[in-house]
Number of protein chains: 2
Amino acid sequence: MHNSKLRRRSNCPISFSLDLLGDSWSLLIIRDIIFAGKKTFGEFLTSDEGIARNILSNRLSRLETIGLINKSPHPDDRRKDLYEVTEAGLDLLPVLFELSGWGAKHEPETADTLTWLTDVQMNKDSLIQLIRQTVINGGSVFTGSESVINQLERRQ
Amino acid sequence: MHNSKLRRRSNCPISFSLDLLGDSWSLLIIRDIIFAGKKTFGEFLTSDEGIARNILSNRLSRLETIGLINKSPHPDDRRKDLYEVTEAGLDLLPVLFELSGWGAKHEPETADTLTWLTDVQMNKDSLIQLIRQTVINGGSVFTGSESVINQLERRQ
DNA sequence: TATTTTCAGTTGCAATTTGAAACTTAATTT
DNA sequence: AAATTAAGTTTCAAATTGCAACTGAAAATA
């Protein structure tokens, strides 16, 4: 609820980003939306990392306050809400890619998930643009018929 | 000392990176070394964000355990140690740049610090390579006579 | 319609982490 | 020899985390 930790520690942009995102869950939620197409509380709960319900609740409202995600009523089920990433949230794509690249390089066991990316013969900016458009249109990188991977396969 | 939190939550490379770096201090230490040329405990303490001594101590030993920094005796003062970034730590440069870019975009007040970067007419990979070499040689981005900014100025 | 199940979130509580300040020990400076 | 500086450690209160049980509303089932 009341949102704590809104004080900027310094005027450094890296520090500012970490003020908002410097914990081990926030970016995973953004990842889940963009890559796995997750949209509801229950879907976030099922991720491998096993976030606790109260932490999830806290992070979702914080991300909403910050303006990285939007919450809206689910059209088909009034118990649920729909969480979607904003443009500002999509601006984190390069951060996610670099974190992913670093992790995959330094713990190769984790690299399987995204070999597709390094395989893709595509300008990085174009790829990011494609992902943005896909997600804006309700899709995601990995899931759904209009997933980014499907689109890329179709193009080949 | 005993280093807790070494269990990987999942096989996702982003999650893995956050297992190691998902807090609000670790990346700031790497930033201080690379950008501000800080090398000693006392220098890290003076950063604007105001890290506490015990947290700093904890993070330095963790970063060393992970292999992102090296610790060695200070040649001129046996009370001090010298902390230097490793190649794996330098691999975080793209992450730092993207976090910086995101922060500067979404909180323009923090952008002053790095306008120099956006101004630089230089291939991004080349810039990163220049920074790596500079830091490997004991320099940093902003400080010292062989700083990256000095080198860039000389080139113009 | 009545009952059961599902869903999102909250609450309570123990364990861990954080943060500030005082303290320790060794080395350097005066 | 005495005072100062440096890197950490210790102590303790406050905040955060994580787990499990609970709640209330809506949906599904019988």
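So that the names make sense, note that chain A is the first sequence line, chain B the second, and so on, each numbered from 1.
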Asks: Distance check needed: D:dT17 P versus B:L18 CG, whole Å only.
Replies: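 From B:L18 CG to D:dT17 P: 14 Å.
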Asks: How many whole angstroms separate atom CG of A:N58 from atom P of D:dT17?
Replies: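 Nearest whole value for this atom pair: 7 Å.
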Asks: If you compare every side-chain N and O of A:T40 against the phosphate oxygens of C:dC7 (OP1, OP2), does one of them come in below 4.0 Å?
Replies: no
Asks: Is the NZ or CZ atom of A:R62 both under 6.0 Å from the centre of the six-membered ring of A:W25 and within 45° of that ring's axis?
Replies: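 Checked: cation-pi criterion not met.
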Asks: Using the side-chain heavy atoms of B:R78, tell me which of these nucleotides is nearest: D:dG8, D:dA26, C:dA27.
Replies: C:dA27
Asks: Nearest-Å distance, NZ (A:K80) to P (C:dT5)?
Replies: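 After rounding, the reported distance stands at 18 Å.
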Asks: By the 4.0 Å heavy-atom rule, please label B:D81 as base, sugar-phosphate, or nothing.
Replies: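 Sugar-phosphate only.
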Asks: Answer with yes or no whether B:R53 presents, from its side chain, a donor or acceptor under 3.5 Å of a partner atom in the base of C:dA21.
Replies: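 For B:R53, whose side chain was compared with the base of C:dA21, there is no donor-acceptor pair (under 3.5 Å).
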Asks: With the threshold set at 4.0 Å, does a side-chain nitrogen-carboxylate oxygen contact exist between A:D48 and B:R9?
Replies: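 Judged by the 4.0 Å cut-off on N to carboxylate O distance, A:D48 and B:R9 do not form a salt bridge.
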Asks: Less than 3.5 Å between a donor and an acceptor, one on the side chain of A:R79 and one on the base of C:dT6, is that the case here?
Replies: yes
Asks: How many whole angstroms separate atom CD of B:E43 from atom C1' of D:dT5?
Replies: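 Value for this atom pair: 14 Å.
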Asks: Salt bridge check, A:K71 against A:E84: does any charged N sit closer than 4.0 Å to a carboxylate O?
Replies: no
Asks: Nearest-Å distance, CG (A:D23) to P (D:dT17)?
Replies: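 Taking atom P of D:dT17 as the reference, CG of A:D23 is at 7 Å.
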Asks: Between P on C:dG9 and CD1 on A:I51, what's the gap in Å once rounded to a whole number?
Replies: 13 Å
Asks: Consider the side chain of B:F41, meaning its heavy atoms from C-beta on, and name the nucleotide among C:dG19, D:dG8, C:dG9 that approaches it most closely.
Replies: D:dG8
Asks: CG of B:N54 versus P of D:dG8: gap in Å, rounded?
Replies: 13 Å
Asks: Is the shortest distance from a Lys or Arg side-chain nitrogen in B:D125 or B:R132 to a carboxylate oxygen in the other one below 4.0 Å?
Replies: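 The answer is no: the pair does not qualify as a salt bridge.
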Asks: Which part of the nucleic acid does A:D77 contact within heavy-atom distance under 4.0 Å: base, sugar-phosphate only, or nothing?
Replies: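 Sugar-phosphate only.
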Asks: Which is true for A:F44 with a 4.0 Å heavy-atom rule: it touches a base, it touches only sugar-phosphate, or it touches nothing?
Replies: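 It contacts nothing in the nucleic acid.
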Asks: Respond yes when some side-chain nitrogen or oxygen of B:S57 is under 4.0 Å from OP1 or OP2 of D:dA7, and no when none is.
Replies: no
Asks: Please state how far atom NZ in A:K39 lies from atom P in C:dC7, giving the value in whole angstrom units.
Replies: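 Value for this atom pair: 17 Å.
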Asks: Rounded to the nearest 0.5 Å, how far does CD1 of A:I128 lie from CD of A:Q133?
Replies: 13.5 Å
Asks: Whether A:W25 contacts D:dT17 is assessed here as follows: a side-chain N or O lying under 4.0 Å from the phosphate OP1 or OP2. Is that the case?
Replies: no
